[in-house]
Amino acid sequence: MYERILVPVDGSPTSNAGLAEAIKLAKLTGARVRLLHLIHEMPYVMSTEGYGSLAVDMLASLKEAGTSILEKARVQVEKQGIAVDTVLLDTLGARLCEIVVKQVKEWGADLIVLGTHGRRGVGRVLLGSDAEQIVRTATVPVLLIRGSEAEVLPEKATFLPWASGPLAGL
């Protein structure tokens with residue numbers, strides 16, 4: 001069945017729900033898990049004029065946070081006796097869907113599992129959907145795990161175009 005499961009993570013509750021489902025599948029199938037975290041550098045590169053050291057500090061903070069997210073997820077997977085590795089990637093303008101498809105090919109994943117906010121209507125139009133693009137471009141099956149209703153329709157939603165997680169914008 002599934003031998004290699006790719007799981008993009010960003011530490012959000014929705015991402016954690018995807019990770020939990022991937023863990024269940026990996027236990028059932030004996031699969032390995034690869035955890036992927038993506039740092040979007042473009043907003044910081046574009047804003048370096050006059051703020052170069054601030055941008056460098058922000059990138060360092062994003063890398064540190066990404067490493068922490070991956071480590072917490074790795075520990076969860078290992079506690080279940082599942083083989084796991086992690087990948088932290090910096091990207092300069094590439095979308096999550098492009099990186100995920102590339103990782104599938106390079107690593108030989110046969111399933112992608114990720115959490116999604118399941119936005120609809122205007123929220124989806126304004127924010128886009130990386131999950132939808134992954135489904136459209138992936139060459140392997142994709143399992144989308146929808147977050148809770150509170151995560152889908154937060155009371156006070158804030159869109160941060162510079163959010164760094166691989167699931168930012170889902």
Side-chain angles (χ1 to χ4, degrees), residues 1-26 28-29 31-46 62 65-66 69-70 72-73 76-77 84-170:
M1 187 148 198
Y2 300 117
E3 296 178 11
R4 292 175 175 243
I5 302 173
L6 180 64
V7 186
V9 294
D10 68 1
S12 69
T14 303
S15 170
N16 291 339
L19 175 61
E21 197 65 30
I23 289 170
K24 291 177 195 173
L25 278 169
L28 287 172
T29 64
R32 292 186 57 82
V33 170
R34 172 166 282 184
L35 304 169
L36 172 67
H37 183 81
L38 184 63
I39 298 171
H40 297 281
E41 291 182 353
M42 184 58 84
Y44 300 101
V45 172
M46 297 302 288
L62 290 173
I69 289 166
L70 285 171
K72 288 176 185 173
Q76 277 186 272
V77 176
V84 61
D85 66 275
T86 63
V87 176
L88 177 66
L89 295 174
D90 301 341
T91 177
L92 194 58
R95 293 186 61 190
L96 173 65
C97 59
E98 296 165 348
I99 300 299
V100 168
V101 168
K102 185 176 179 183
Q103 278 292 303
V104 164
K105 290 177 186 171
E106 289 179 3
W107 187 57
D110 48 21
L111 177 67
I112 302 165
V113 178
L114 69 149
T116 180
H117 293 99
R119 290 190 181 103
R120 295 184 178 150
V122 175
R124 185 171 158 267
V125 171
L126 293 176
L127 301 178
S129 174
D130 279 328
E132 181 180 350
Q133 289 303 312
I134 290 170
V135 169
R136 289 176 186 247
T137 59
T139 57
V140 299
V142 179
L143 177 59
L144 298 178
I145 306 301
R146 181 168 285 170
S148 71
E149 189 66 26
E151 294 160 358
V152 174
L153 300 169
E155 191 173 309
K156 294 183 180 179
T158 302
F159 175 59
L160 302 175
W162 55 84
S164 69
L167 301 181
L170 292 182

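Numbering starts at 1 and runs along the sequence shown.
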Specify the closest pair of heavy atoms between [X] and [Y], including all atoms of both residues, with the distance to one decimal.
X	Y	value
Val33	Ala26	CG2-CB, 3.8 Å
Ala131	Thr116	CB-OG1, 3.7 Å
Ala22	Val7	CB-CG2, 3.5 Å
Gly11	Ser15	N-OG, 3.8 Å
Pro8	Leu6	CD-O, 3.8 Å
Gly18	Val113	O-CG1, 3.3 Å

Quick one: are [X] and [Y] in side-chain contact, heavy atoms under 4.5 Å?
X	Y	answer
Arg32	Asp85	yes
Leu88	Ile39	yes
Leu35	Leu19	yes
Leu144	Leu114	yes

I would like to know whether Leu143 and Leu25 meet side chain to side chain contact (heavy atoms under 4.5 Å, CB included); could you show each step before the answer? CA-CA 11 Å; Leu143 177 59; Leu25 278 169; 3.6 Å; yes
State the OG1-CD1 distance between Thr86 and Ile69, to the nearest 0.5 angstrom. 12.0 Å
Within this structure, what is the CD-OG1 distance for the pair Glu132 and Thr137, rounded to the nearest 0.5 Å? 10.5 Å
Give a yes or no answer on whether the side chain of His37 reaches the backbone of Val9 with a donor-acceptor pair at less than 3.5 Å.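 Confirmed, His37 side chain pairs with Val9 backbone.
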Less than 3.5 Å apart, which donor and acceptor atoms pair up between the side chains of residues 96-107 and the rest of the protein, not counting sequence neighbours?
| residue | atom | partner | partner atom | Å |
| --- | --- | --- | --- | --- |
| Glu98 | OE1 | Arg95 | N | 3.0 |
| Gln103 | OE1 | Arg34 | NH1 | 3.0 |

List the steps and the verdict of side chain to side chain contact (heavy atoms under 4.5 Å, CB included) for Leu89 and Leu36. CA-CA 8 Å; Leu89 295 174; Leu36 172 67; 3.8 Å; yes
